[in-house]
Amino acid sequence: MFAPDRLTLGVFFPIEAFSGDQPTMRGQERLARRAEELGYAALWCRDVPMRDPTFGDVGQVYDPWVYLGWIAAQTNEIALATGSLVLTLRHPLHTAKGMASVDRLSGNRLVLGIASGDRPVEFPAFGVDFEQRSALFRDNLRVVRTVLAEEFPTLQSSHGTLDGTADLVPKPITPVPMLVTGHSGQPLEWIAKNADGWITYPRGLQRQAEVAAQWRAAVATAVPGGFKPFVQSFYVDLSDDPDVAPTPIHLGFRGGRHFVLRFLEAVRSIGVNHVILNFKYSKRNAGDVLEEIGKEILPQLAASAP
């Protein structure tokens with residue numbers, strides 16, 4: 001899924017074009033299997049605890065742990081990713097147990113995208129102070145990492161105390177990669193040191209190149225000689241005509257596949273390692289778009305890789 005100078009593609013659930021904020025979620029299992037067959041690297045699952053009609057998107061509707069467990073049973077090799085789990089609205093012990101469970105049951109396929117949360121309406125419902133989410137994010141991540149890595153740990157957090165007499169099971173066989181989304185209230189240097197990668201948002205190519213360079217510099221300082229991936233999302237409305245010129249849509253473009261291929265090659269050249277496709281605004285059937293990108297773009301990306 002992640003390697004230096006290489007670009008892979010993932011896809012967000014729902015793999016569906018829809019208006020409004022709620023998808024139908026029909027046929028997702030078949031589309032997940034097809035994405036795996038076509039060579040997509042990852043299936044991404046949102047975490048939207050509460051519906052906020054003004055926000056315009058409830059993700060794949062279902063709880064991410066339940067849904068990833070369901071999709072894990074439908075697939076064999078493709079990575080299963082959260083994009084992103086709202087770390088501040090979940091007890092860190094529940095988070096750790098959920099992620100270790102999905103990772104073990106899926107055959108170590110989980111990649112954990114995490115965030116501090118950006119929907120203010122959710123925080124009062126969970127009794128969490130929206131203004132404290134940055135500090136809570138750091139504290140919860142510390143707890144998650146500790147209980148997954150250590151047996152019978154001793155630690156104190158804002159949620160409670162572990163005194164070495166209890167342990168969280170299961171443990172992952174190998175550490176689950178954890179990528180921070182946006183800044184989550186943290187400096188870039190903190191993310192480079194404490195996360196395994198960074199998920200950010202689409203920008204103009206020149207600006208994204210600058211941001212990617214800042215990320216590589218921060219990683220070089222935090223882990224000299226190390227590699228931590230740079231990931232971005234991309235809303236795409238793929239035209240029937242492969243030669244159609246691009247026009248902007250929300251956080252992406254409408255255009256033909258020749259432009260989409262050139263765009264993906266360009267983002268790879270500036271240091272993007274993984275792009276998560278979102279088909280919400282597609283005018284075509286999302287399954288057809290998944291198929292065309294999988295058959296016509298993925299092989300060319302692989303063939304042109306350095």
Side-chain angles (χ1 to χ4, degrees), residues 1-2 10 13 29 32 36 41-49 59-117 122 126-128 133 135-181 184 186 190-191 193-197 199 223 228-229:
M1 185 174 173
F2 302 128
F13 286 116
E29 299 83 358
E36 181 174 67
L43 297 165
W44 289 80
C45 184
R46 305 277 296 282
D47 181 17
V48 184
Q60 79 289 330
V61 180
Y62 300 109
D63 175 85
W65 296 139
V66 174
Y67 199 65
L68 285 178
W70 172 243
I71 294 299
Q74 314 291 322
T75 54
N76 297 300
E77 297 179 349
I78 194 167
L80 307 172
T82 60
S84 287
L85 197 79
V86 184
L87 207 60
T88 52
L89 298 181
R90 293 173 174 269
H91 194 293
L93 297 181
H94 288 143
T95 296
K97 193 171 185 77
M99 61 185 283
S101 299
V102 169
D103 191 57
R104 291 289 294 264
L105 291 170
S106 68
N108 312 120
R109 290 191 277 148
L110 182 66
V111 173
L112 195 77
I114 50 177
S116 60
E122 294 175 333
F126 288 90
V128 176
R133 67 193 187 281
L136 188 58
F137 178 87
R138 292 191 301 272
D139 195 41
N140 285 0
L141 180 58
R142 175 180 62 89
V143 173
V144 169
R145 285 199 181 277
T146 300
V147 299
L148 290 179
E150 300 179 16
E151 294 185 0
F152 296 94
T154 299
L155 63 83
Q156 181 79 38
S157 79
S158 57
H159 288 278
T161 300
L162 282 172
D163 62 2
T165 61
D167 194 22
L168 184 130
V169 293
K171 309 283 188 191
I173 298 296
T174 57
V176 174
M178 300 188 203
L179 286 68
V180 170
T181 301
S184 293
Q186 316 305 322
W190 185 95
I191 299 172
K193 180 180 179 181
N194 292 279
D196 300 307
I199 305 169
V223 190
K228 295 189 178 186

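Here the side chain of D103 pairs no donor or acceptor atom with the backbone of V176 at under 3.5 angstrom.
Across all their heavy atoms, L168 and L93 have their closest contact at CD1-O, 3.4 Å. V147 and P153 get closest at one heavy-atom pair: CG1-CG, 4.1 Å. Between W65 and H94 the shortest heavy-atom distance is NE1-O, 4.4 Å. Annotation for A32 and F13: closest pair CB-CZ, 4.0 Å, computed over non-hydrogen atoms. Contact detail for P172 and R104: the closest heavy-atom pair is CA-CD, 4.2 Å. The two residues C45 and P64 come nearest to each other via the heavy atoms SG-CA, 3.8 Å.
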Evaluation steps, side chain to side chain contact (heavy atoms under 4.5 Å, CB included), between F2 and V111:
CA-CA 11 Å; F2 302 128; V111 173; 4.3 Å; yes
From CA spacing to verdict: side chain to side chain contact (heavy atoms under 4.5 Å, CB included), M178, L148
CA-CA 12 Å; M178 300 188 203; L148 290 179; 4.1 Å; yes
Side chain to side chain contact (heavy atoms under 4.5 Å, CB included), that's the test. Do R133 and L89 meet it? Break it down for me.
CA-CA 9 Å; R133 67 193 187 281; L89 298 181; over 6 Å; no
Yes or no on side chain to side chain contact (heavy atoms under 4.5 Å, CB included) for I114 and V180, after CA distance, side-chain angles and deciding distance?
CA-CA 5 Å; I114 50 177; V180 170; 4.2 Å; yes
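Residues satisfying the side-chain hydrogen bond (donor to acceptor under 3.5 Å, both in side chains) criterion with N76, sequence neighbours excluded, are absent altogether.
Between V144 and M99 there is a side-chain heavy-atom pair separated by less than 4.5 Å. R142 has its side chain within reach of L155: a pair of non-hydrogen atoms, C-beta onward, lies under 4.5 Å apart.
Atom CG of L136 and atom OG of S157 lie 9.0 Å apart (nearest 0.5 Å). I78 contributes atom CD1, which lies 9.0 Å from atom CE of M1 (distance to the nearest 0.5 angstrom). In this structure, the separation between OG1 on T174 and CG on N108 is 5.0 Å, given to the nearest 0.5 Å. Considering OG1 of T88 and CG of L141, their distance stands at 12.0 Å, rounded to 0.5 Å. Atom CD of E36 sits about 5.0 Å away from atom OG1 of T75, to the nearest 0.5 Å. Rounded to the nearest 0.5 angstrom, R46 CZ and L85 CG are separated by 12.5 Å.
In this model, a donor atom of one side chain and an acceptor atom of the other lie less than 3.5 Å apart for T165 and D163. No hydrogens or angles considered: a donor-acceptor pair under 3.5 Å links the side chains of H159 and N140.
W44 pairs with exactly one of I199, L80, L68, T82 by the side-chain contact (heavy atoms from CB on, under 4.5 Å) rule, that one being I199.
Heavy-atom neighbours of K193 NZ from other residues, nucleotides or ligands within 6.0 Å: at or below the threshold of 12.
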